[in-house]
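Just so you know, residue 1 is the first one in the sequence shown, and it goes up from there.
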Amino acid sequence: MNIETSSKDGKEGAGTLYAVSTSVGQLIEAHRHHQPLSVTEPSETQLDESATPTFDARYQISARDLNLYAATSMGFLAILAALGWLWNKLDDVIPKTWQQNAFDQLAHLAVLVLVVFGILFLAVAVLISYLNLLQRYYHFTLTKQAHTLTATRGFFKRLEVSVRISRIQAVRMRQSLLRHWLHLTTIQALLASNAADEEKDNDLVLLPVIKADQALTRMHHFVDWVPATTPDFIRVPRTNHWYYVRNWLLWNLLFVAIISFVVGHFWPQWLLWTMVLSALWVLIQSLQGWYAAKNAGVSIIYAHTLLVQNGSLWNLTQYVVRRQNIQALSLNQSIWMTRKHIAHLELHIRRGDGNESVEVRYLKAETVEKKFWIGISNADFLSI
């Protein structure tokens with residue numbers, strides 16, 4: 001059992017009790033919630049049966065939603081990378097003669113057989129990712145009791161994390177491109193602690209998967225400062241979308257130019273294919289820039305809560321953050337941006353021991369200044 005103290009030095013501030021009875025955790029939780037206890041012997045400390053905990057809100061993932069969450073995960077990409085790393089390590093161990101014999105055998109196989117091998121390799125990675133998520137979020141349950149949220153999950157390893165709502169710095173809703181198409185989202189909490197250091201990205205999962213149009217309504221039951229409905233966004237003007245596309249293209253054009261030069265110099269026979277793949281890569285990056293611009297926006301809720309949305313690397317992400325949890329708010333303009341009357345809005349939120357920077361770029365400067373620089377100050381949103 002770990003007792004997180006919100007230290008600024010990783011796990012050094014966490015108190016750890018090894019191999020203790022689960023009743024110890026129940027005793028501590030009961031003490032936190034001021035519940036009556038029935039103590040017979042120290043080894044048999046239990047909650048009073050008459051004091052069965054009641055929850056203000058409760059959610060348990062269904063079998064259908066769990067399967068949907070596991071099936072739409074892109075975690076197989078990480079598994080493919082891990083298998084590639086493992087193969088690279090085996091390359092140093094397996095005798096070169098064995099490797100050469102294996103390559104000679106593969107060279108005599110038909111292209112169709114090689115494709116089948118590739119598909120099977122991919123299928124194994126997808127299956128491993130799918131099974132891993134099934135056991136990881138098996139019987140996932142989120143409960144709210146007074147001012148505390150408790151998330152419980154796991155099959156082979158049962159994990160229970162309790163966190164006070166006051167420790168939540170922001171609520172983040174994230175959609176991969178596939179889940180965006182399917183209108184699904186995952187909700188996480190950014191914490192001022194390392195209590196969720198075993199979670200992906202070290203952020204506590206509140207709802208693994210839920211319909212995007214129901215996300216805010218459902219989350220409002222657990223965290224009351226999250227809006228129940230989607231507000232109107234201040235979007236990036238359409239005329240400014242091309243700035244996103246341009247920025248994505250500049251670095252990628254430089255990248256493919258260098259790759260093409262190297263291939264053309266050392267392997268000229270592969271230059272044509274390299275240029276075809278480079279053109280395809282540049283097109284994909286252009287679409288990524290358009291996707292990021294189309295999904296960027298910001299909104300003020302209740303005059304004390306901010307909702308920020310942006311898109312990057314084929315992920316659509318929304319942040320709901322309160323006034324008191326914003327560590328810094330900045331308005332950035334370069335010289336040429338001043339002339340064009342556009343600006344970047346950037347927020348800094350505490351995340352564990354570090355910082356989460358959230359930025360919406362190329363907004364109308366006049367709108368940002370009125371809504372977020374003057375309007376927010378007058379609404380006592382932030383002391384400037």
Side-chain angles (χ1 to χ4, degrees), residues 55-79 125-145 148-165 167-191 193-224 226-228 230 307 309 311-320 351-352 356:
F55 303 116
D56 299 325
R58 186 177 184 274
Y59 165 84
Q60 184 171 26
I61 194 168
S62 65
R64 175 184 176 277
D65 287 345
L66 180 57
N67 278 281
L68 193 59
Y69 178 67
T72 57
S73 172
M74 303 299 290
F76 70 90
L77 295 177
I79 294 176
V126 171
L127 180 62
I128 292 174
S129 173
Y130 174 80
L131 294 177
N132 178 56
L133 286 174
L134 281 185
Q135 68 84 23
R136 185 181 180 90
Y137 290 100
Y138 178 77
H139 279 186
F140 177 91
T141 304
L142 178 68
T143 59
K144 177 184 179 182
Q145 188 176 25
T148 301
L149 296 182
T150 301
T152 309
R153 63 166 176 83
F155 183 79
F156 295 108
K157 179 181 179 181
R158 197 67 177 160
L159 182 66
E160 180 176 316
V161 180
S162 294
V163 59
R164 291 186 65 85
I165 296 177
R167 293 289 185 185
I168 297 178
Q169 302 299 292
V171 171
R172 180 172 62 197
M173 292 165 285
R174 175 172 288 175
Q175 297 174 284
S176 64
L177 183 62
L178 177 58
R179 288 177 179 157
H180 192 187
W181 288 340
L182 297 174
H183 305 290
L184 303 173
T185 189
T186 298
I187 304 179
Q188 296 173 301
L190 276 62
L191 305 177
S193 71
N194 295 295
D197 60 356
E198 295 195 28
E199 297 282 3
K200 182 180 179 181
D201 301 328
N202 296 328
D203 299 317
L204 180 64
V205 174
L206 299 178
L207 296 177
V209 63
I210 191 171
K211 286 289 186 181
D213 58 356
Q214 301 174 10
L216 290 174
T217 303
R218 180 63 66 89
M219 201 65 246
H220 180 73
H221 296 153
F222 293 93
V223 183
D224 56 6
V226 172
T230 303
L307 194 152
Q309 176 176 290
S312 62
L313 297 177
W314 303 113
N315 280 286
L316 174 63
T317 310
Q318 291 182 334
Y319 296 84
V320 183
R351 178 189 176 200
E356 178 92 350

Subject >> Between CE on residue Met173 and OH on residue Tyr319, distance to nearest 0.5 Å >> reply: 11.0 Å

Subject >> Step-by-step side-chain contact (heavy atoms from CB on, under 4.5 Å) determination, Tyr69 to Thr186 >> reply: CA-CA 9 Å; Tyr69 178 67; Thr186 298; 3.6 Å; yes

Subject >> Shortest non-hydrogen contact between Tyr130 and Ala71, atoms and distance >> reply: CD1-N, 3.8 Å

Original post:
Taking only residues two or more places apart in sequence, or in another chain, which ones meet His221 in a side-chain contact (heavy atoms from CB on, under 4.5 Å)?
Top reply: Ala57, Arg218

**OP:** Please report the C-alpha distance between Leu204 and Ile168 in whole Å, then the side-chain angles of each, then the deciding distance to 0.1 Å, and finally whether the side-chain contact (heavy atoms from CB on, under 4.5 Å) criterion is met.
**Re:** CA-CA 10 Å; Leu204 180 64; Ile168 297 178; over 6 Å; no

Subject >> Asn132 side chain to Ile128 backbone, donor-acceptor under 3.5 Å >> reply: no

Subject >> Arg153 to Tyr137 six-membered ring, cation-pi geometry met (6.0 Å, 45°) >> reply: yes

**OP:** Would you name the heavy atoms of Asn315 and Ser176 that are closest together and state the gap between them?
**Re:** OD1-CA, 3.4 Å

Original post:
What is the distance from atom CG of Leu206 to atom CZ of Arg172, rounded to the nearest 0.5 Å?
Top reply: 10.5 Å

**OP:** Starting from the C-alpha separation in whole Å, work towards a yes-or-no answer on side-chain contact (heavy atoms from CB on, under 4.5 Å) for Tyr138 and Phe156.
**Re:** CA-CA 9 Å; Tyr138 178 77; Phe156 295 108; over 6 Å; no

Original post:
Would a distance-only check, ignoring hydrogens and angles, find a side-chain to backbone donor-acceptor pair under 3.5 Å from Gln175 to Leu184?
Top reply: yes

**OP:** Give a yes or no answer on whether the side chain of His220 reaches the backbone of Val226 with a donor-acceptor pair at less than 3.5 Å.
**Re:** yes

Subject >> Qualifying residue for side chain to side chain contact (heavy atoms under 4.5 Å, CB included) with Ile61, from Leu142, Asn67, Leu66 >> reply: Leu66

Original post:
Checking Thr141 side chain against His139 main chain: does a donor-acceptor pair fall under 3.5 Å?
Top reply: yes

**OP:** Walk me through it: do Asp203 and Leu191 pass the test side-chain contact (heavy atoms from CB on, under 4.5 Å)?
**Re:** CA-CA 7 Å; Asp203 299 317; Leu191 305 177; over 6 Å; no

Original post:
So, for Leu207 and Ile210, which heavy atoms are closest and what is the spacing to 0.1 Å?
Top reply: CD1-CD1, 4.0 Å

Original post:
Just by distance, do the side chain of Gln169 and the backbone of Arg167 share a donor-acceptor pair under 3.5 Å?
Top reply: yes

Subject >> Shortest non-hydrogen separation from Val209 to Asp65 and the atoms involved >> reply: CG1-O, 3.2 Å

Original post:
To the nearest 0.5 Å, what is the distance between OG1 (Thr230) and CG (Asp213)?
Top reply: 8.0 Å

Subject >> CG on Leu177 to CZ on Arg179, rounded to 0.5 Å >> reply: 12.0 Å

**OP:** Supply the atom-to-atom distance Thr317 OG1 to Arg174 CZ, rounded to the nearest 0.5 angstrom.
**Re:** 4.5 Å

Original post:
Which atom pair, heavy atoms only, marks the closest approach of Ala212 to Thr185?
Top reply: CA-CG2, 4.0 Å

Original post:
Are Leu149 and Phe222 close enough that some pair of their side-chain heavy atoms sits under 4.5 Å apart?
Top reply: yes

Original post:
What heavy-atom pair brings Pro227 and Leu307 nearest, and what distance separates the two atoms?
Top reply: CG-CD1, 4.3 Å

